[in-house]
Amino acid sequence: MGFDPWNPDFVAYPYRAYDELRRQAPVSYFEPTGQWLVARHADVNALLRDRRLGRSYLHTATHEEFGRPGEPEFQEPFWRVIRAGMLDVEPPVHTRLRRLVSKAFTPRMVESLRPRVRAIAGSLVEAYVDKGGGDLIAEVAEPLPVTVIAEMLGIPDQDRHLLRPWSADICLMYELNPAPDAQHAAVRAASEFAGYLRALAAERRANPGEDLISALTQIEELTEDELVGTCVLLLNAGHEATVNVTGNGWWSLFRNPGELARLRADRSLLPTAVEELMRWDTPLQMFERWVLEDIEVHGVRIPRGSEVALLFGSANRDEAVFEDPDRLDVGRADNPHISFGAGIHFCLGAPLARIELMESFGALLDRAAKLELRQEPTWKPGYVIRGLRALELTAAD
Ligand code: HEM
């Protein structure tokens, strides 16, 4: 089977197809999406840092000038929110937006959140083990990062249940060639989310608290759209992948019981284990870039106006970089995985994600001497965002 992102068998195990791409066609044109697939680690890493490519082209050209049709009118509310966040803009706007929020995410700032993250993880895991287990995703993997990022931003308790469904619907647009109903769901979610945040920001502007939304309302150079776009981005990016790394990570450990036993026996391996779980089953399989000036990769000329699809899941299994890449090795020391990206859009939340993952894996290892799979999990249908529907476990101390 070749690269086939709409085929459930490919989604379940894309790594064999990636091996072939890396060997035989490290850069290849994929007709169904009109994108150039890039499969090798060195190329993915280099293109993420190459300023001749961008997450957007709208800072250099209009849709027409770029030879692209532009989005249908009904999607306007979606793009208005998404393009106001730092992830979908390029310098100089990116530099300004990233600078304004990066203070809240420095390793030192984030380290000060560790006791709170530990307490939340501890109480979720406690409740999970007390009732003998259940769906790890719904009971531990989701509520931990959602609570952490919602507390940081100051989303009231009673509204937090809204975040997951909004985020899930918005993410539908990031899959390849989304179906019309998925596009409409994403637009609806983005409008509702933006409306909610506009109202909350107005309240905090008048009556600021200690939270990040209050702090952002005090920054004069931030427009209202930018404030809303920033909050949507932080709330979504701030939990979506972490949920999936937790589920995928435990599923990886169950498929490699020797490595789970090794981690149980030597807890100092937790930091390298978290990095390895992110490499071995990559939570965000692909990111796209627009080609702003002609480039050449392995003798293939990719002209301005093209789109490249950088295959993170493939880069993370590249034998040129990782020794024995298909082996899960929780002690892997040399692990330059690409799961947090590279270059100017490198994940702002990486230090926070690492703390959340270490605390939740650590709490489960501490509290549940017995953790067993009740049934084989199934993958959600999306290819780009890789996650399990549920992970049913039996847990006991
Ligand atoms: C394991 C969990 C996570 C993974 C795998 C992950 C992965 C990524 C990746 C690959 C990018 C770059 C996308 C690109 O270059 O196109 C990114 C960007 C970003 N991430 Fe994360 N992320 C995670 C957790 C978080 C958390 C907890 C936050 C917290 C707020 C966060 C906030 C962001 C933001 C704001 C950006 C945009 C940065 C920019 O454009 O300059 N992420 N993330």
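Both counts, for ligands and for their atoms, begin at 1 and track the order of listing.
Screening T147, V146, L200, D211 for a side-chain contact (heavy atoms from CB on, under 4.5 Å) involving I155 leaves a single residue, L200.
Of the options P351, G238, A237, A241, the smallest heavy-atom separation from atom 24 (C) of ligand 1 is shown by A237.
A cation-pi contact links R279 to F322, judged by a cut-off of 6.0 Å to the six-membered ring centre and 45° from its axis. A cation-pi contact, defined as under 6.0 Å to the ring centre and within 45° of the axis, is absent between R304 and W290.
Taking every heavy atom of R55 and a limit of under 4.0 angstrom, the matching atoms of ligand 1 come to 14 (C), 16 (O). Listed by number with element, the atoms of ligand 1 under 4.0 Å from a non-hydrogen atom of I344 are 41 (O). Here is the list of ligand 1 atoms found below 4.0 Å of a heavy atom in I149: 30 (C).
Under the 3.5 Å distance criterion, the side-chain polar atoms of R332 are matched with a main-chain donor or acceptor of R327. Side-chain N or O atoms of R55 include one that pairs as donor or acceptor with a backbone N or O of L87 at under 3.5 Å.
For atom 14 (C) of ligand 1, the closest heavy atom belonging to the protein is R289 NH2, 3.4 Å. Atom 13 (C) of ligand 1 has its closest protein heavy atom at F287 CE2, 3.5 Å. Scanning the protein heavy atoms around atom 1 (C) of ligand 1, the nearest turns out to be V245 CG2, 3.6 Å. Among all non-hydrogen protein atoms, the one lying nearest atom 34 (C) of ligand 1 is L348 CB, 3.9 Å. Among protein heavy atoms, atom 22 (N) of ligand 1 sits closest to C347 SG, 3.0 Å. The protein non-hydrogen atom at the shortest distance from atom 5 (C) of ligand 1 is S339 O, 3.5 Å. Scanning the protein for heavy atoms near atom 12 (C) of ligand 1, the closest one is H345 O, 3.3 Å.
Of all the heavy atoms of V101, none lies under 4.0 Å from any atom of ligand 1, so neither backbone nor side chain is involved. When heavy-atom distances to ligand 1 are checked against a 4.0 Å cut-off, H239 has no atom that comes that close, whether in backbone or side chain. Only side-chain heavy atoms of R98 come within less than 4.0 Å of ligand 1; its backbone N, CA, C and O stay farther off.
Under a 4.0 Å N-O distance rule, the pair D329/R262 qualifies as a salt bridge. Using a cut-off of 4.0 Å between Lys/Arg side-chain N and Asp/Glu carboxylate O, R52 and E293 are scored as not salt-bridged.
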Could you go step by step and tell me if N335 and T272 meet the side-chain hydrogen bond (donor to acceptor under 3.5 Å, both in side chains) rule? CA-CA 8 Å; N335 190 353; T272 49; over 6 Å; no
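At least one heavy atom of H94 lies less than 4.0 angstrom from ligand 1.
With rounding to the nearest 0.5 Å, the separation of CZ in R267 from CZ in F361 is 12.0 Å.
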